[in-house]
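Every chain is numbered from 1, with letters handed out A, B, ... down the list of sequences.
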2 protein chains.
Amino acid sequence: MKEEKQIRVLSVDDHPLMHEGIAALINNQTDMNLVAEASDGRSALLEFREHQPDITLMDLRLPDMNGIDAMISILKEFPNARVIILTMFEGDVEIQRALKSGARGYMLKTMPPKELVKVVRRVHAGKKHIPPEIAANLAEHFSNDALTPRETEVLAQIAEGNRNRDIAERLFISEETVKVHIKHIMDKLDANDRTQAVAIAIRRGIIQL
Amino acid sequence: MKEEKQIRVLSVDDHPLMHEGIAALINNQTDMNLVAEASDGRSALLEFREHQPDITLMDLRLPDMNGIDAMISILKEFPNARVIILTMFEGDVEIQRALKSGARGYMLKTMPPKELVKVVRRVHAGKKHIPPEIAANLAEHFSNDALTPRETEVLAQIAEGNRNRDIAERLFISEETVKVHIKHIMDKLDANDRTQAVAIAIRRGIIQL
DNA sequence: AATCAAATACCACAAAAGAGTTATTTAAAT
DNA sequence: ATTTAAATAACTCTTTTGTGGTATTTGATT
């Protein structure tokens, strides 16, 4: 019954039903074993410390923090941790950030279970894995855009219904500078106006709801 | 092993892992039985026809159509169908639409499994169920707003970065009328400008990404 | 029959946003 | 040491958005 070298998996997700599904899937594989579960970022780190799993499946939306930040906190302590982001499709910005921050894989919850376990095995074997449909979407917004931190700040202010003058006051810059930032934002996001810029940014995960 | 009167459940969700989780949960109850699964709206209706389940658990985001529309298509043919919306939190507009369209319950995927099966039993017993946290949020935006169909159209146009003049042309009305609609939209959504109106509308599920 | 909400439209005015150009400072990268 | 990217700012001018008020038509509701 017991395998020699099982892949020990930690699952981090705030949906109990998803946990059950992952547990059923992983434990059905002869070469895998779900060793722990966490439903928020803080306990994810605690569980990781205790069980030191081979693979961590990490959801992006957690109640206490972003899944990427949870991953970063794990990687800081355990640089060799192999974290796979497992989420429903979010914006390309999240994916880029995840990969840049050290994720070894990115999987969609809509993928068939067989694909999911394949990815777990691939990543456990030391490879990285991003599914083709995500890679394609990533390539689309790769070379060109990417907002600077300041531009993202300005964009968040716009989404809250602030006028340029108010944004200027809040960020301690002139209204003219705000306009320059907005111009760059619209150019990068290929938006006609500030309103479409916000809509696009929300869709692509640049700003959160 | 077999119970006398089991609650026969159909699960509609496009996440295979969620299906597994639901299956595990339902089949673990002595008084319930998962009789069928569907991953899109079209097959949900087909499965319903074939199995005529007591309870249908319906996700809102499906690949081919909105879960509410899938529910409506089922209710048209089977007016006594008991459909429970099971989803992660969307905007209050979706919830209102679901309940108005005949949903018997609304559950969040973040709820503990024990709560979920309780709701299934309650709805099967003929009661309706909306969790308190949702009911509270619903009350907040109840009396006041609710955009008219035309206002929603205008709002969608705004979100696409169209100017008032363009919106007027597309909807075959004058620019002045567009302005009136936008004024009403901003008043109802309590937005400072068109941009915040779009952000709020996306958050509340009035317009989709 | 009377009332009400929704959609339509016009006018005038004020406020804000956006386009185009130029320029300075600082920090990072080569 | 030089180049580059980011952030800052000013100026002008045009376009767009937003505010306030008034008014008409139509379809529901009472």
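- Using a cut-off of 4.0 Å between Lys/Arg side-chain N and Asp/Glu carboxylate O, A:Arg170 and A:Asp166 are scored as not salt-bridged.
- The distance from atom NE2 of B:His184 to atom P of D:dT17 is 18 Å, rounded to the nearest whole Å.
- Using modelled atom types, one side-chain atom of A:Asn192 and one backbone atom of B:Gly161 make a donor-acceptor pair closer than 3.5 Å.
- Looking at B:Glu151 and B:Lys188, a side-chain N of the basic residue comes within less than 4.0 Å of a carboxylate O on the acidic one, giving a salt bridge.
- B:Thr177 comes within 4.0 angstrom of a base, heavy atoms only.
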Check: protein-nucleotides 25-29 of chain D nitrogen or oxygen pairs below 3.5 Å:
none

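- Counting only heavy atoms from C-beta on, A:Ile173 has its side chain closest to D:dA9 among D:dA9, C:dA7, D:dA7.
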Extract from the structure each pairing of a protein N or O with an N or O of nucleotides 17-23 of chain C at less than 3.5 Å, listing the distance.
unit_1, atom_1, unit_2, atom_2, d
C:dA17, OP1, A:Arg194, NH1, 3.2
C:dA17, OP2, A:Asn164, N, 3.0
C:dA17, OP2, A:Asn164, ND2, 3.4
C:dG18, OP1, A:Arg194, N, 3.1
C:dG18, OP2, A:Arg194, NE, 2.9
C:dG18, N7, A:Lys179, NZ, 3.0
C:dG18, O6, A:Lys179, NZ, 2.7

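- In this structure, B:Lys109 pairs ionically with B:Asp13, as a charged nitrogen and a carboxylate oxygen lie closer than 4.0 Å.
- If you take CG of A:Leu147 and P of D:dA7, they are 10 Å apart, rounded to a whole angstrom.
- The shortest distance between the side-chain N/O atoms of B:His181 and the OP1/OP2 oxygens of C:dT8 is below 4.0 Å.
- For A:Thr148, whose side chain is taken as the heavy atoms from C-beta onward, the closest listed nucleotide among C:dA7, C:dC10, D:dA7 is D:dA7.
- Between B:Arg42 and B:Asp64 there is no salt bridge, since no side-chain N of the basic residue sits under 4.0 Å from a carboxylate O of the acidic one.
- For the residue pair B:Asn162/B:Gln157, the side-chain donor-acceptor check at 3.5 Å is satisfied.
- When atom types are taken as modelled, the side chain of A:His124 and the backbone of A:Asp54 share no donor-acceptor pair closer than 3.5 angstrom.
- Regarding A:Lys188, its NZ atom lies at a distance of 11 Å from the C1' atom of D:dA7, rounded to whole Å.
- Under the rule for a salt bridge (Lys or Arg N to Asp or Glu O under 4.0 Å), B:Glu176 has no partner lying at least two apart in sequence or in another chain.
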